[in-house]
Novice: 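One structure is given below, represented as C-alpha cells, and several questions about it will come after.
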Amino acid sequence: MARHTTAVVGGGCAGVLAATQLLRCTDSDVILIDPDGPGGGVAYDAAQPWHLLNSRAGAMSAHPDDPGHFVAWARADGQAATADTFLARRTYGRYLRDVADAADAAAPGRLRVVRERVTGVAAHDTGVTVRAGDGLLHADRAVLAVGNPAGAQPLGAPAGHPAYIADPWRPDAFAAVPADGPVLLVGTGLTAVDVALTLATRGHRGPVVAVSRRGLLPQAHTAAGAPPALPDLDPAAGLAGLLHTLHAAACGAPDWRTVVDGLRPHLDRLWTGLTPAEQDRFLRHAARQWENHRHRMAPGIAAQVAWLRAEGALEVRAGTLAAVAADGAALTVTLADGTTTRYAAVVNCAGPGRLPAAAGPLVGALLTAGAARVGPHGLGLDVDAAGSLITAAGTAEPKLTVVGSLRRGRVWETTAVPEIRAQAAALAAASPAAWTATPPAAPAPTPAPTPAAEGWPVAA
C-alpha cells in the first residue's frame, strides 16, 4: 500500500515541529515547502545574538515525549545550559534545523524539501494541490504552518517613506537610522524590547521613545522557575468572575508568576467557555495586561531595559497616534494628547494585525477563494477543534489543517512552543480516516470587531 503524503507549508518553528512529528510517529511521506527550507523562521533566524528566548530552555523541547531534549542538545553544543537558562533565539533556530535533520536521517527517503514560496492550496476529492513557485505539488493533505498574520500598521504611517520601518526584522532595517536621531517605537511589547536592544547595541545615541495605548512593558521572569499554582476557577463565573478570582490568587501568592503559569494549560478551555461578547471585552480591556504578565522578558533582558530607562536612553509612554506626516527625511508624529515630535525613524512594533487586512498572499488567496474564513475577532483563521480549516461555506476541511498562530481566536494559547508541539503531536496521531472523511458542518463565524471600535491599529 502506498504511503500517504502530507505537504507542510512553512519551514519555521511550527512547520518543523509538524514535519518532525509526522516523520517520527507516522509512516507518512512529508513535503516541507518554504523558500528557506526548515529552520527557525522570523522568530529565531532573524534574531540577533543578543536576543534571548522569552522562555526557559526546559520548556522548549521539540518533542512532547522528551521534555529535556533541547537542554541536552544545548549541552552537547557546548553551552552551560540548564532547564532555567534563557538561551539565544538564534541558538534555538539552529536547534530546529538539527531536529529536522535528525528526523530526516531517521526516516530516510520520506522527507522532501521544496524551496519555493507557496501561493495557493486547494483541497479536492482525492487530496490537495499546492502551488509552489511555478509548479504544482500533489499530496493527500496539507498542513498550514505559516506563522502570524502580517504586522499591524500604525495609523497614517506613510508606506514607502524612508523613515518608516514597517518590518523591524528585515535585514539591515536600521542601517539608515541616524545614530543621534530620535526614534519612535510604536508598541511596547517584546518586539519593542528587541528593537530597543538592537539600537543600543548598534551604538544609537539619540532618544528612543516607545509608545502604546497603556504604556506597559512586559514583566520579567525570575532567575529560577517555581512550580505552577492553579487557582480555583469556576468557568461558569463568566469573564468578570474569572478575572476577579485570578487577581485575588495572584495577589495572594508569594509570586504571581506561579498563578499565571499554572493557568496556562487551562486557558483554551476557559477561553472557549466565554461568550463571544465576553471574549471581545477581554480583548478590549484585559488582553494587554494579560500579555504583559504572560509573555515575559528573560531576567538579563529586563536588566538591560531597566538600565536603558535609567540612563534616559529609552522612554516608555502611554498614548495613541493621532497623525503621522512626512517631514522631509523624517516623520512628524502627533499623539492624541496633542504632543507633536519629529522623529528620524518610526519603527512598527505593533505585533500581528487582524484579518483579513493583515492576510499575507497565501492566506488572502484562501479567503478570496472561499477555502477559508476569518476566525473569531479577526485574530486568525477559523478552525474546528482539530485545527481543520473552516471554509466560507461553513464546512470543516480535514485535508487542510492549521498549526500554530493562525488558530488564534478559536483558541487563545497557540503561539508558543509547548502548544504548537502538542498540536503537531495531535496531527500525527490522527488517522487518515479522520482527514479523508466527508467535511462536517462548522459553527457560524464570530463577527470581528471593527478597527475603529478597537482603537486599531495602534499597539496596546
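Note that these values count all heavy atoms, side chains included, but never hydrogens, waters or copies made by symmetry. Note that the structure is predicted; figures quoted are calculated from it, not measured.
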Novice: If you count every heavy atom of other residues, nucleotides or ligands that lies below 6.0 Å from Arg117 atom CZ, does the total exceed 12?
Specialist: no
Novice: Please give me the minimum heavy-atom distance between Ser212 and Leu216, naming the atom from each residue.
Specialist: OG-N, 3.8 Å
Novice: Name the orientation class of the two ring planes belonging to Trp169 and His51 (parallel below 30°, tilted from 30 to 60°, perpendicular beyond 60°).
Specialist: perpendicular
Novice: List in chain and number order the residues that pass salt bridge (Lys or Arg N to Asp or Glu O under 4.0 Å) with Asp194, two or more places apart in sequence or in another chain; answer none if no residue qualifies.
Specialist: Arg89
Novice: If you measure from the Lys or Arg side-chain nitrogens to the Asp or Glu carboxylate oxygens, is any gap between Glu419 and Arg264 under 4.0 Å?
Specialist: yes
Novice: List the steps and the verdict of side chain to side chain contact (heavy atoms under 4.5 Å, CB included) for Leu367 and Val374.
Specialist: CA-CA 7 Å; Leu367 292 170; Val374 174; 4.0 Å; yes
Novice: Cut-off 3.5 Å, side chains only: do Asp84 and Thr82 have a donor facing an acceptor?
Specialist: no
Novice: Run the side chain to side chain contact (heavy atoms under 4.5 Å, CB included) check on Trp307 and Val305 step by step: do they pass?
Specialist: CA-CA 5 Å; Trp307 183 86; Val305 170; over 6 Å; no
Novice: So, Arg284 and Asp280, do they make that salt bridge, N to O below 4.0 Å?
Specialist: yes
Novice: Report yes if the side chains of Leu184 and Arg317 come closer than 4.5 Å at any heavy-atom pair, otherwise no.
Specialist: no
Novice: By side-chain contact (heavy atoms from CB on, under 4.5 Å), which residues pair with Val99, not counting sequence neighbours?
Specialist: Val16, Thr20, Ala62, His63, His69, Tyr95
Novice: Quick check: does any side chain N or O of Gln279 sit under 3.5 Å from a backbone N or O of Trp271, one acting as donor and the other as acceptor?
Specialist: yes
Novice: Answer yes if the side chains of Arg213 and Thr320 hold a donor-acceptor pair under 3.5 Å, and no otherwise.
Specialist: no
Novice: Check whether any side-chain N or O of His377 sits under 3.5 Å from a backbone N or O of Gly409 as a donor-acceptor pair, and report yes or no.
Specialist: no
Novice: Under a 4.5 Å cut-off applied to non-hydrogen side-chain atoms, are Val8 and Ile33 in contact?
Specialist: no
Novice: Measure from the side-chain N and O atoms of Arg257 to the backbone N and O of Ala220, and report whether any donor-acceptor pair falls under 3.5 Å.
Specialist: yes
Novice: Do we see a donor-acceptor contact under 3.5 Å between the side chains of Ser388 and Thr401?
Specialist: no
Novice: With heavy-atom distances below 4.5 Å as the criterion, would you say the side chains of Asp255 and Thr222 are in contact?
Specialist: yes
Novice: Is it the case that more than 12 heavy atoms not belonging to His247 sit under 6.0 Å from its NE2 atom?
Specialist: no
Novice: Donor-acceptor pair, distance only, cut-off 3.5 Å: does the side chain of Asp34 make one with the backbone of Gly10?
Specialist: no
Novice: Output all residues satisfying ring-ring contact (aromatic ring centres under 6.0 Å, His included) with His285, sequence neighbours left out; order by chain, then residue number.
Specialist: none
Novice: Answer yes or no: is there a side-chain heavy-atom contact under 4.5 Å between Tyr92 and Val417?
Specialist: yes
Novice: Which is it for Leu321 and Val186 under the side chain to side chain contact (heavy atoms under 4.5 Å, CB included) test, yes or no, and what are the steps along the way?
Specialist: CA-CA 9 Å; Leu321 272 61; Val186 183; 4.3 Å; yes
Novice: Checking Asp77 side chain against Gln79 main chain: does a donor-acceptor pair fall under 3.5 Å?
Specialist: no
Novice: Determine whether the side chains of Thr201 and Gln48 contain a donor N or O and an acceptor N or O closer than 3.5 Å.
Specialist: no
Novice: Can you see whether Trp412 has Arg408 sitting over its ring - NZ or CZ less than 6.0 Å from the centre and within 45° of the normal?
Specialist: yes
Novice: Please name the pair of heavy atoms, one in Val193 and one in Pro218, separated by the smallest distance, quoted to 0.1 Å.
Specialist: CG2-CD, 4.0 Å
Novice: Does Gln21 use its side chain to pair, donor to acceptor, with the backbone of Ala18 at less than 3.5 Å?
Specialist: no
Novice: Counting distance only, does the side-chain N/O of Thr85 pair as donor-acceptor with the main-chain N or O of Leu87 below 3.5 Å?
Specialist: no
Novice: Apply side chain to side chain contact (heavy atoms under 4.5 Å, CB included) to Arg373 and Leu381, showing your working.
Specialist: CA-CA 6 Å; Arg373 71 184 185 190; Leu381 293 174; over 6 Å; no
Novice: Quick check: do Val30 and Leu22 have side-chain heavy atoms less than 4.5 Å from each other?
Specialist: yes
Novice: Do Ser405 and Asn148 have a side chain donor and acceptor closer than 3.5 Å?
Specialist: yes
Novice: Whether Asp45 and Arg90 form a salt bridge (side-chain N of Lys/Arg under 4.0 Å from carboxylate O of Asp/Glu) is what I want to check.
Specialist: no
Novice: Can you tell me if Thr272 uses its side chain to pair, donor with acceptor, with the backbone of Arg269 under 3.5 Å?
Specialist: yes
Novice: Would you call Arg24 and Asp65 a salt bridge, taking side-chain N to carboxylate O under 4.0 Å as the test?
Specialist: yes
Novice: So do Val146 and Leu406 actually touch side chain to side chain, heavy atoms under 4.5 Å?
Specialist: yes
Novice: I want to check something: taking the side chain as every heavy atom from C-beta on, are Gln423 and Thr414 in contact at a cut-off of under 4.5 Å?
Specialist: yes
Novice: Would a 4.5 Å heavy-atom cut-off, applied to side chains only, mark Leu185 and Val183 as touching?
Specialist: yes
Novice: Counting distance only, does the side-chain N/O of Thr245 pair as donor-acceptor with the main-chain N or O of Gly241 below 3.5 Å?
Specialist: yes
Novice: Might you work through the salt bridge (charged side-chain N to carboxylate O under 4.0 Å, His left out) test for Asp261 and Arg296, ending with a clear yes or no?
Specialist: CA-CA 11 Å; Asp261 295 344; Arg296 305 189 286 271; 3.1 Å; yes
Novice: Check whether Gln153 reaches the backbone of Gly151 with its side chain - one donor and one acceptor, N or O, closer than 3.5 Å.
Specialist: yes
